[in-house]
Amino acid sequence: MPKPEGMDRRTGFLKKNLETLLPQKRVEYQNKKLRGIIQYAYKHSVAFKHKLDSAGLKPTDIQTVKDLEKIPITKKSDLVELQKQNPPFGGLEGVPIQSLRRIYISPGPINEPGEMEYQELGWAQGMVAGGFRPGDIVINTFSYHLVPFALHMVDNSLHRVGCITLPTGVGNTEQQVNLLKNFKATGFCGTPSFLLNIAEKAEEMKLDLRKDLNIQVGFVAAEMLPESLRSKLEEKFGMILRQSYGTADIGCLGYECMLKNGMHVPDDKIVEIVDPETGKQLPPGKTGEIVATTFNKVYPLIRFGTGDLSILTETRCPCGRTSPRLVKILGRVDQVTKVRGVFVHPGQAGEVGSKHPQIAKYQVVVTRKEHKDEMTFRVELKEETLQPEKLKEEIERSIRDVMKVRGEVQFVPKGTIPDEAKKIDDQRTWE
Ligand SMILES: [Zn+2]
């Protein structure tokens, strides 16, 4: 086995043929897998059969990804409800309980069937894309207790890549630092904030992060990873840090490659971006809810609504992977507001804010005048600007670029926007 030091971490795939499928082949592959899982789930999952029957659909009505639109979305709250009516799994499972290896419980609470042989590709694909290699010794600091992520998903995926896992779980930062040091561990799995805790603890223990520790790669999830935090951690440890996105229910839905330009959708999932009101698919570039379908026969979730917002892009990634990418996770569906027919959300407002360092505080106010929506971006500046008109124009251009809708900037005196103010204040009334 090659030593992790000095190896190529920047190129490579888990399943090259699959990850680099030509676009037309990818469409055919996905449609074929989709037809397979629809047939299977209809036959084996009581809940899915009921869903299709109630919608007046037959499995053969779903031939392509576009046809998925016909099936109503299943939300997390639906899973809870189904499981109450029909315990323990709500009829969502695709195999008898006796053939499971483990049962997990994720927040909700939602009972989850854990398959005998872990099949999911996504997290392992993300680890390889993020530089993990066979022979890496990795601490897995996610929680192993009841929830499926650390044990089922991350631990199994590390094994699939060929890594050696230290199943440390959460907490005990000092012990984690000692383990990292003693085993010269090369990889970290956990949240970005916990990696920062480790850095701070190690520094407190008078260790040199680059010399006394040997972390070369990090795989983070379950929290946002701001670019400022990523570069800080990469710099401190001299490491490569990449993030993934998914949910405890359906698994991985996106992972970053070396190029950090969004998150590649794994090849064993279908991700749609839909209008949260109608459930209809939106084209690439539009903001909407992430709705996912897995090919996992043990737990065949079809059109699972994550409640998270994102944008899908199909532009080619120079890394060679041909899967579409989630641009980034923008926030939660329940925080969106529709302005002149376009969804706007706090994450976008934050992006506008972060483009202009002069801004101290901001708040978006949506009003209605003569039956037309108006969006005002109220801004408190760190200090007065000599060219307010110029700055106003620049911010308004950012609003158009990021939020895809026009808004007017209004400078307000310091202290006008309360600390606890909602990022988007919808003041419209509809009488
Ligand atoms: Zn890529």
Side-chain angles (χ1 to χ4, degrees), residues 7-30 33 65 120-134 136 153-154 157-158 160-163 187-189 192 216-227 229-231 233-234 239-247 250-273 283-288 290 292-295 306 308-330 351:
M7 63 169 46
D8 172 22
R9 294 188 181 275
R10 298 200 162 260
T11 54
F13 304 83
L14 182 77
K15 296 232 170 224
K16 187 170 183 187
N17 290 345
L18 201 52
E19 289 169 43
T20 58
L21 274 178
L22 291 173
Q24 189 50 39
K25 292 276 174 213
R26 174 172 295 283
V27 170
E28 287 166 19
Y29 175 83
Q30 293 244 299
K33 293 293 263 186
V65 171
E120 195 188 357
L121 286 178
W123 304 113
Q125 287 186 312
M127 287 167 185
V128 173
F132 282 62
R133 294 293 178 264
D136 273 322
M153 300 182 183
V154 177
S157 299
L158 284 167
R160 180 168 200 151
V161 175
C163 302
F188 168 88
C189 291
Q216 298 177 18
V217 282
F219 179 83
V220 295
E223 265 177 17
M224 295 283 188
L225 175 64
E227 282 310 318
L229 180 56
R230 186 202 314 257
S231 39
L233 290 165
E234 286 191 326
M239 72 186 298
I240 300 166
L241 187 60
R242 292 294 177 272
Q243 63 184 328
S244 287
Y245 160 76
T247 83
I250 201 161
C252 184
L253 298 177
Y255 62 84
E256 284 182 326
C257 64
M258 276 301 135
L259 302 171
K260 299 184 284 192
N261 52 3
M263 290 186 274
H264 286 278
V265 174
D267 300 288
D268 56 353
K269 305 277 165 41
I270 292 170
V271 166
E272 303 164 78
I273 295 293
K286 296 279 185 200
T287 303
I290 301 171
T293 295
T294 171
F295 304 144
T306 62
D308 290 324
L309 289 169
S310 188
I311 297 170
L312 209 59
T313 174
E314 289 179 350
T315 58
R316 204 61 179 266
C317 182
C319 76
R321 290 173 183 80
T322 51
S323 53
R325 304 187 306 285
L326 292 166
V327 174
K328 63 166 104 164
I329 307 307
L330 298 162
E351 198 177 329

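Because the structure is a prediction, the values reported are computed rather than measured. Positions are given from 1 along the sequence. First listed ligand is number 1; within each ligand, the first listed atom is number 1.
Distances from the Zn ion (ligand 1) under 2.8 Å pick out these protein N/O/S atoms: Cys257 SG, His264 NE2, Cys317 SG, Cys319 SG.
Looking only at side-chain heavy atoms (C-beta outward), Cys257 and Cys317 come within less than 4.5 Å of each other.
Taking the side chain to side chain contact (heavy atoms under 4.5 Å, CB included) definition, one finds that Thr11 meets it with Asp8, sequence neighbours left out. For Val217, the side chain to side chain contact (heavy atoms under 4.5 Å, CB included) test picks out Arg9, Phe132, Asp136, Ile240, with sequence neighbours left out. Legend: residues meeting side chain to side chain contact (heavy atoms under 4.5 Å, CB included) with Ala124, ordered by chain and number and at least two apart, are Leu14, Ser157, Arg160, Val161.
Across all their heavy atoms, Gln125 and Glu19 have their closest contact at NE2-OE2, 3.1 Å.
With hydrogens and angles left out, the side-chain atoms of Tyr245 and Asp308 include a donor and acceptor closer than 3.5 Å.
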